[in-house]
Amino acid sequence: MSVGVQRLRDEPDVIRRGALDKGEDATLVDTALALDARRRALLGEADALKAERNSASKRVGVAIQAGAAPNGPEVAALRAASVAAGERIAALDVAIGRVEAELEDALLRIPNPADPDVPVGDASASVTVRTWGDLLPRAMPASGPRGTDAGAGATAWERRPHWDVAQRLGIFELERGAKIAGSGFPVYRGAGAGLQRALIDFFLTVHTRENGFTEIWPPAVVNAASARGTGQIPDKEDQMYVVTRDELYLVPTAEVPVTNLHRDEIFEAGELPVRYAAYSPCFRREAGAAGKDTRGILRVHQFDKVEMVLFETPEASAAALEWMVGRAEDLLRRLGLAYRVLLMATRDMGFVQAKKYDLEVWAPGVERWLEVSSCSSFRDYQARRMAIRYRPAPGARPELVHTLNGSGLALARVVAAILETYQEPDGSVRVPEPLRASLGADVLRPPA
RNA sequence: GGAGAGGUCGCCUAGAGGCCUAGGGCGCCGCACUGGAAAUGCGGUAUGGGGCAACCCAUCGAGGGUUCGAAUCCCUCCCUCUCCGCCA
């Protein structure tokens, strides 16, 4: 992940401004530029010496074949020249290695500048782009949407938080999950498990049959190179479960394996866009988040998610982000869940994103917005690190693709929103229409 | 996990310390020939970096080593295939 040295040289002011807008250190831009200049100077020197050594070595061979004694003075002189060059090369290579490591380090700490249309500021500057659906209140008035005949203004019943609803339905087993794995590893039982399966199937079916995505079913672990590719290490290493014995990382999102599918590859002209939809379990240690949103299934160590991953040409990426957000919204609408779309401000969007939208679903039982999707464009920032390129035209020089990804959607919080939105006073929960066939039920009822 | 064989240009392959500036074939692109095409001939056809440029440097799975010089020799690792073992 990095802005490239080329862009750094071309428009340092934009990069500096971008770093400041994200609350990062802008002086690294000048550090990097100085290192880049130093690197180029050393490289020029070393390359010249290498050319010298190559030709000297060649002359050794030529001389011997021409009849010179392999141990004679003529050959010895040529060898000496080559060795001398070799010694200076070794020293220069060490220096270059050091400068490149420093440059790399500086580049890694320079954030991706946000797009010009992203609001500058902290979370308070983030903008609600649109809201869809009815924001149901917890206290249902007697004459409410599904009210009874009781007097107007009276409260007929109160919605419960999803963990209560789930308990009455017997579909989560959080304590047993804690017993067999640990807290934050929910077990879904019966219709709860079916709901998971139905949602995954619903999301993937819409994406593959209507939205033109190719489905990917990726490994749940990745190697270090892949974790580095999408920037999980070194930045977010604390958030990942690591299988140290085999140097494998449990995926925190399908973004990691799926984006890495095309690491070090070049798409031919005309192959873009490439659009993948992938289900995967997601594993997150949530280090440092203890006590926040820990109730129910709002923040867990393992959850399920269908992820959208896009590889686009630079010209198409801006429109692709809007399109992708629309695909995620479509799923929420079909489920009948009220939501809002937020355009995240510069200090609220993360280091590597150029533009990011969050989708938050309304959970009326707790009267809160829950993040169920985060859709981002990285422009070429991720692609540079992973060397994912494309040929603009047949035979043309490869250029970096633009990568984007977004949840479509994350399950656990969608389940919470469904339970809270569709609950009835008697503890039953109506099943959103798209899930009924798969679940084989219109209503989930508490056991008698 | 054990034994063996491999990893070279988009694909197939040659290659065994200096004739490798990696050859040949296929594919692809251009040109010629043609009314047009096929066939044929000629030329081109990796990626990254440096340089205004000519051009130079690096890369033969990855990383180390030996050597004046490594695709080639040595070491470690990764991957693929075959056989055996184990197994949902």
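Protein chains get the first letters and strands the later ones, always in sequence-line order, with residue 1 at the start of each.
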*With sequence neighbours left out, which residue pairs that include part of residues 307-317 of chain A fulfil the side-chain hydrogen bond (donor to acceptor under 3.5 Å, both in side chains) condition?*
A:Arg275-A:Glu312, A:Lys305-A:Glu307, A:Thr313-A:Glu315, A:Ser317-A:His402
_Distance, C1' atom - from B:rG30 to B:rC78, rounded to whole angstrom_ = 41 Å
*Taking the same atom, P, in B:rC84 and in B:rC75, what whole-Å distance lies between them?*
29 Å
_Selection: residues 84-92 of chain A, any non-hydrogen atom under 4.0 Å of RNA chain B_ = none
*Looking only at atom P, what distance separates B:rC57 and B:rA22, rounded to whole Å?*
11 Å
*Look at the rings of A:Phe351 and A:Tyr381 and say which category their plane angle falls in: under 30° parallel, 30 to 60° tilted, over 60° perpendicular.*
perpendicular
_Give me the distance, rounded to whole Å, that separates B:rC26 from B:rG63 when you measure between the C1' atoms they each carry._
34 Å
*Decide whether A:Asp348 and A:Ser126 meet the rule of one side-chain donor and one side-chain acceptor closer than 3.5 Å.*
yes
_Who pairs with B:rU76 - Watson-Crick or G-U, where each distance is under 3.5 Å_ = B:rA62
*Toward the 5' end of RNA chain B, by each residue's nearest nucleotide, A:Leu78 or A:Gln6*: A:Gln6
*Scan every strand shown for a Watson-Crick or G-U wobble partner of B:rA71, both distances under 3.5 Å, and answer none if you come up empty.*
none
_If I take atom CD in residue A:Glu247 and atom C1' in nucleotide B:rG63, what distance separates them, rounded to the nearest angstrom?_
14 Å
*Rounded off to whole Å, could you give me the CG-to-C1' distance for the A:Asn223 and B:rG61 pair?*
14 Å
*Quick one: look up who B:rG1 pairs with, Watson-Crick or G-U, both distances under 3.5 Å, and put none if it's unpaired.*
B:rC84
Look for any protein N or O under 3.5 Å of an N or O in nucleotides 53-57 of chain B and output each such pair with its distance, or none.
from: B:rC57; atom 1: OP1; to: A:Asn54; atom 2: ND2; distance (Å): 3.2
from: B:rC57; atom 1: O2'; to: A:Asp47; atom 2: OD1; distance (Å): 2.9

*Side-chain donor-acceptor contact under 3.5 Å, A:Tyr390 with A:Glu271*: no
*Check the side chains of A:Glu322 and A:Tyr357 for a donor-acceptor pair under 3.5 angstrom, ignoring hydrogens and angles.*
yes
*Please state the P separation for the pair B:rA46 and B:rG10 - nearest whole angstrom.*
8 Å
I'd like a table of atom pairs between the protein and nucleotides 16-22 of chain B - only N or O on both sides, under 3.5 Å - with the distance next to each one.
from: B:rG18; atom 1: O2'; to: A:Gln65; atom 2: NE2; distance (Å): 3.0
from: B:rG18; atom 1: N2; to: A:Ser57; atom 2: O; distance (Å): 2.6
from: B:rU21; atom 1: OP1; to: A:Lys58; atom 2: NZ; distance (Å): 3.2
from: B:rU21; atom 1: OP2; to: A:Lys58; atom 2: NZ; distance (Å): 3.2

*asked:* Has A:Gln239 got a side-chain atom pairing as donor or acceptor with A:Glu286's backbone, closer than 3.5 angstrom?
replied: yes
*Sub-3.5 Å donor-acceptor pair from the side chain of A:Thr346 to the main-chain atoms of A:Gly121, do we have one?*
yes
*Checking A:Arg284 side chain against A:Pro252 main chain: does a donor-acceptor pair fall under 3.5 Å?*
yes
*asked:* Please classify the nucleic acid contact of A:Arg9 as base, sugar-phosphate, or nothing, using heavy-atom distances under 4.0 Å.
replied: sugar-phosphate
*Parallel, tilted or perpendicular: which describes the rings of A:His262 and A:Tyr276, with under 30° parallel and over 60° perpendicular?*
parallel
*asked:* Return the pairing partner of B:rC19 with a 3.5 Å limit on both distances, Watson-Crick or G-U wobble; otherwise return none.
replied: none
_Does A:Leu43 reach a base, just sugar-phosphate, or nothing at all? Heavy atoms under 4.0 Å._
sugar-phosphate
_Going by purine N1 to pyrimidine N3 plus the second Watson-Crick contact, or the G-U wobble pair, all under 3.5 Å, which nucleotide sits opposite B:rU45?_
B:rG27
_Can you measure A:Arg263 atom CZ to B:rC78 atom P for me and round it to whole angstrom units?_
16 Å
*Just how far, in rounded Å, is P of B:rC29 from CD of A:Glu268?*
12 Å
*Residue matched to B:rA39 through Watson-Crick or wobble contacts both under 3.5 angstrom*: none
*Does the side chain of A:Asn223 pick up a donor-acceptor pair with the side chain of A:Ser226 at under 3.5 Å?*
yes
*asked:* Tell me every residue that passes side-chain hydrogen bond (donor to acceptor under 3.5 Å, both in side chains) with A:Ser407, counting only those two or more places apart in sequence or in another chain.
replied: none
*Return the nucleotide paired to B:rA14: Watson-Crick means purine N1 to pyrimidine N3 with N6-O4 or O6-N4, wobble means G-U with N1-O2 and O6-N3, both under 3.5 Å.*
none
*Pairing partner (Watson-Crick or G-U wobble, both distances under 3.5 angstrom) of B:rA54*: none
*A:Arg53 (side chain) donor-acceptor with A:Ser82 (main chain) under 3.5 angstrom*: no
_For the backbone of A:Glu371 and the side chain of A:Arg413, can you confirm whether one donor and one acceptor N or O come within less than 3.5 Å of each other?_
yes
*In whole angstrom, what separates A:Arg53's CZ from B:rA70's C1'?*
12 Å
_Quick check against the 3.5 Å criterion: does A:Lys22 have a side-chain atom that pairs as donor or acceptor with the backbone of A:Asn112?_
yes
Return the polar atom pairs (N/O with N/O) between nucleotides 46-48 of chain B and the protein under 3.5 Å, or none.
from: B:rU47; atom 1: OP1; to: A:Arg391; atom 2: NH1; distance (Å): 2.7
from: B:rU47; atom 1: O3'; to: A:Arg389; atom 2: NH1; distance (Å): 2.8
from: B:rG48; atom 1: OP1; to: A:Arg389; atom 2: NH1; distance (Å): 3.3

*Would you check if the side chain of A:Asn405 reaches a backbone N or O of A:Val309 as a donor-acceptor pair within less than 3.5 Å?*
no
*asked:* What's the gap between B:rU59 and B:rU72 when it is taken at their P atoms, as a whole Å value?
replied: 11 Å
*Rounding to the closest angstrom, what is the interatomic distance between B:rG65 and B:rA14 at atom C1'?*
27 Å
*Report yes if some heavy atom in the side chain of A:Leu199 is under 4.5 Å from a heavy atom in the side chain of A:Tyr279; otherwise report no.*
no
*Could you work out the separation of B:rC11 and B:rG64 based on their C1' atoms and round it to a whole Å?*
32 Å
